[in-house]
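Below you'll find the structure, written out as structure tokens, and then a few comments.
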2 protein chains.
Amino acid sequence: MPTLEDVAKLAGVSGATVSNVLRQRGAASAATIAKVQQVARDLGYRPNLVARALAERRSPTIAVFFTNILNPFYSEFAFAAERAARRREHFLLICNAATPEGSLDTAYLNAVAGRLAEGLIVLGSDLGKQSLLAMLPAGVPVVLSTWEETDMYPTVPCVTVDFHKAGQLAGAHLAELGHRRIGIVAGSEHPEIVGDVAHHARLAGLRKSLAAYDVTVPSPRLQIGSDSIEGGRLATNRLLDLDPTVTAIAATNDLLAIGALQAAAERQIRVPDSLSVIGLTGIWMSAQVRPALTTIDIATASLADGSVNLLLDLIDDPATVPASALRVVGTPALVRRASTGPPAR
Amino acid sequence: MPTLEDVAKLAGVSGATVSNVLRQRGAASAATIAKVQQVARDLGYRPNLVARALAERRSPTIAVFFTNILNPFYSEFAFAAERAARRREHFLLICNAATPEGSLDTAYLNAVAGRLAEGLIVLGSDLGKQSLLAMLPAGVPVVLSTWEETDMYPTVPCVTVDFHKAGQLAGAHLAELGHRRIGIVAGSEHPEIVGDVAHHARLAGLRKSLAAYDVTVPSPRLQIGSDSIEGGRLATNRLLDLDPTVTAIAATNDLLAIGALQAAAERQIRVPDSLSVIGLTGIWMSAQVRPALTTIDIATASLADGSVNLLLDLIDDPATVPASALRVVGTPALVRRASTGPPAR
DNA sequence: CTGTTAGCGCGTTCAT
DNA sequence: ATGAACGCGCTAACAG
């Protein structure tokens, strides 16, 4: 592979000039520009980005830590984040952060702190608090995103959405439709631990809005499952076994809601005629299932976009970033589709 | 951020010794080992991976080019690839290669060739042939994966599966169940172009196996849609409008098949009683939908694993890699689930 | 067992 | 407008 020097020699100029010409800095005579470009093309020269990163003390990559990229929600985030990063001439390193111990992977964090990536976006709820906090003093730019508890780390930049509000919207929608016997299917990252629930804020919001209608959700009507379609299906089956009288189910995310839809289908329960189902987050698939899922949209792509841009702004020049940009909390919105309606009677 | 030199000075040794101690190379007295480690810890030293990469002329990252990470198939590949890479102490750069023009993104390729990643896995069917071929002479290690046409680039290392065989298995399964009026829903990356089909090998295999049973698939029974659930649903609806007599549908991938399932559900057609549906690839979701989808499993995770390991082997030492490892073609397998059965009559 | 020297390939002064 | 020299932080080869 040819280097800068190779080009310089063949073009009869110095390395500095080649650098200037190729990066369009400074000025150079039309003749040398042509010459250098010609030689570079002939040689198939490509700048060594590693060397450049070392010299510039910057790296063209940022990293994003998920719990699980198999979850479509995270895929969508990754997709949007990659596009946003690319628009800013950056690459995206993906890191599945979840380890058996459930904490952020230290090797990964160290690598990032080792300037492999010049910044880091951490998604998820209550993942790896410790290791993450240990990281921050190291001066690595970090942006939290889609964080469930908005105020867990008040000092860390965060782009998220009001999950409490999202839960409220879901609850209010069902209650306003007239539902009173409502079940909840909630997700857990450790379903093997009895009572472990991941989506605290959504749940709290849900319960709060329902309380305004004097609706309570006793324990048999709250079922917890692993964060997947299958988990939602199983949880819903348990719920309906325990209490077949519920007329609506709110799930703390769309995957679980889709599982609920399937459980209903298996039991020949018509949605929304006999059972309403509402999800949360608004993944693409929620629009593609049948019946199409009513859900609370949190604009995942904007969150990804906002996270990447905030991170890169912070890296470019922290001083430029207004304090107000350090804590962005989006507003969720109800998306009415076909899976909810008034109760049968 | 402290550097190697900082540690060296404080520990009263040279940089080389610090490097040796920290990387456990060479030998050092117990005393200096302890000292160096102590100082490194106190300082919160983390090696600068960019500098290391420059010095070693290696980078700890590999890149994978997809067409679309929103497709669960690619997510699953990414998930497995990331794990495999990590086991070999590498990071994964994800690149959504699809551009509006449909070709591989040159900027991305150049970056990789710029040693940002030391190798590259390219997924997909007929994506970016030109740019990719232009890339190869540059000496960048490349592994093709999940490639539809096994022999398109005979000289490029490739880990894939026999898609032709996969198509055959799907067709044979339906035919053996007794189906004779069979529809096909095929995917396209450019559905706006009339007649554009992506999954050639699968289609050919499908047709071939059906021909053995004297089954042909005339044009109205072959519908093409965009590679998504929605695309499958729409294509299936067109197909059933044009010919309501089909008793089975083979889709060229699972997303399309899931769309077919939904189309059937909307039309109150019972699966598999009145209509059988078979998919291809075996994404996780295929097991989670209801009825669970019968499909042809291509062991995506193993493909990802194999691709990463082959690439890394090639990078470590091409001479070590036997020729037989340069072209791995996996064998697909039928997974019988609930969406297929004998025709009603 | 440890230190010295010499790069890795590029960007960046500061002269010229 | 152009070039020489130095530095980025680390590893490798050799010397002691």
Side-chain angles (χ1 to χ4, degrees), chain A residues 1-37 39-40 43-60 89 110-118 138-140, chain B residues 1-37 39-40 43-61 89 110-118 138-139:
Chain A
M1 272 245 163
T3 71
L4 228 209
E5 280 313 314
D6 297 335
V7 177
K9 263 175 215 146
L10 253 92
V13 296
S14 78
T17 301
V18 174
S19 177
N20 282 333
V21 169
L22 263 24
R23 308 210 62 186
Q24 322 207 32
R25 306 265 171 83
S29 70
T32 54
I33 290 182
K35 180 69 179 167
V36 167
Q37 287 179 336
V39 173
L43 249 40
Y45 169 73
R46 298 163 201 284
N48 182 323
L49 263 32
V50 171
R52 178 181 291 173
L54 183 59
E56 287 186 326
R57 267 160 286 182
R58 290 202 55 169
S59 149
E89 301 178 294
N110 283 342
V112 173
R115 329 263 200 325
L116 225 198
E118 58 178 5
V140 183
Chain B
M1 272 245 157
T3 71
L4 227 208
E5 280 312 314
D6 296 335
V7 177
K9 261 175 215 143
L10 254 93
V13 296
S14 78
T17 301
V18 173
S19 177
N20 283 333
V21 168
L22 262 25
R23 308 208 62 188
Q24 321 206 33
R25 304 268 172 82
S29 70
T32 54
I33 290 181
K35 180 70 177 165
V36 168
Q37 287 179 336
V39 173
L43 248 39
Y45 168 73
R46 296 164 204 284
N48 182 322
L49 264 32
V50 171
R52 177 181 293 174
L54 182 59
E56 287 185 327
R57 269 162 284 184
R58 291 203 54 169
S59 150
T61 108
E89 300 179 294
N110 283 342
V112 173
R115 331 262 199 326
L116 225 198
E118 57 178 5

Distance, nearest 0.5 Å, that separates OG of A/S29 from NZ of A/K35: 12.0 Å
Counting C-beta onward and ignoring hydrogens, is there a side-chain heavy-atom pair between A/L116 and B/P60 closer than 4.5 Å? yes
Looking at D/dT11, I'd like to know if its phosphate oxygens (OP1 or OP2) sit under 4.0 Å from a side-chain N or O belonging to B/S19. yes
Restricting to salt bridge (charged side-chain N to carboxylate O under 4.0 Å, His left out), what partner residues turn up for A/E56, sequence neighbours left out? A/R23
Hey, does A/V50 reach any base, or is it just sugar-phosphate, or nothing, if we go heavy atoms under 4.0 Å? nothing
Students often get this wrong, so: under 4.0 angstrom with heavy atoms, is A/A28 touching a base, only sugar-phosphate, or nothing? sugar-phosphate
Write down the distance between CZ (B/R25) and P (D/dA13), rounded to a whole number of angstrom. 11 Å
So what does A/L4 touch, heavy atoms closer than 4.0 Å: a base, only the sugar-phosphate, or nothing? sugar-phosphate
Below the 4.0 Å mark, does C/dG3 have OP1 or OP2 next to a side-chain nitrogen or oxygen of B/T17? yes
Earlier contact from the 5' end, DNA chain D, for B/L49 and B/N20: B/L49
Distance in angstrom units between B/L43 CG and D/dG9 C1', rounded: 15 Å
Can you tell me how far C1' of D/dC8 sits from CE of B/M1, to the nearest Å? 15 Å
Does a side-chain N or O of A/S14 approach OP1 or OP2 of D/dG3 to a distance below 4.0 Å, or not? yes
Give the table of side-chain donor-acceptor pairs shorter than 3.5 Å for residues 1-16 of chain B, with sequence neighbours excluded, one pair per line with atom names and distance.
| from | atom 1 | to | atom 2 | distance (Å) |
| --- | --- | --- | --- | --- |
| B/T3 | OG1 | B/E5 | N | 3.2 |
| B/T3 | OG1 | B/D6 | N | 3.4 |
| B/D6 | OD2 | B/T3 | N | 2.8 |
| B/S14 | OG | B/A16 | N | 3.4 |
| B/S14 | OG | B/T17 | N | 3.3 |
| B/S14 | OG | B/T17 | OG1 | 3.3 |

Scanning both residues in full, the closest heavy-atom pair of B/A53 with B/S59 reads CB-CA, 4.1 Å
Please give, in whole Å, the distance from C/dC8 P to A/R52 CZ? 18 Å
So what does A/G114 hit on the nucleic acid, given a heavy-atom distance under 4.0 Å: a base, only sugar-phosphate, or nothing? nothing
Minimum heavy-atom separation for B/R115 and A/R46, please, with both atom names. NH1-O, 4.4 Å
What integer distance in Å separates A/L54:CG from C/dC8:P? 13 Å
Measure from CZ on B/R57 to P on C/dC10 and round the result to the nearest Å. 13 Å
A/S29 side chain near D/dT2 phosphate (N/O to OP1/OP2, under 4.0 Å): yes
Determine: side-chain N/O of A/R58 to OP1/OP2 of D/dC8, distance under 4.0 Å, yes or no. no
B/R23 near the nucleic acid: base, sugar-phosphate alone, or nothing, with a heavy-atom cut-off under 4.0 Å? sugar-phosphate
Tell me: OH of A/Y45 to P of C/dG9, nearest whole Å? 10 Å
Residue whose nearest DNA chain C nucleotide is more 5′ - B/A16 or B/A51: B/A16
Hey, does the side chain of A/T32 come within less than 4.0 Å of D/dT2's phosphate (OP1/OP2), counting only N and O? yes
Figure out the CD/P separation between A/E5 and C/dC8, and round it to whole Å. 10 Å
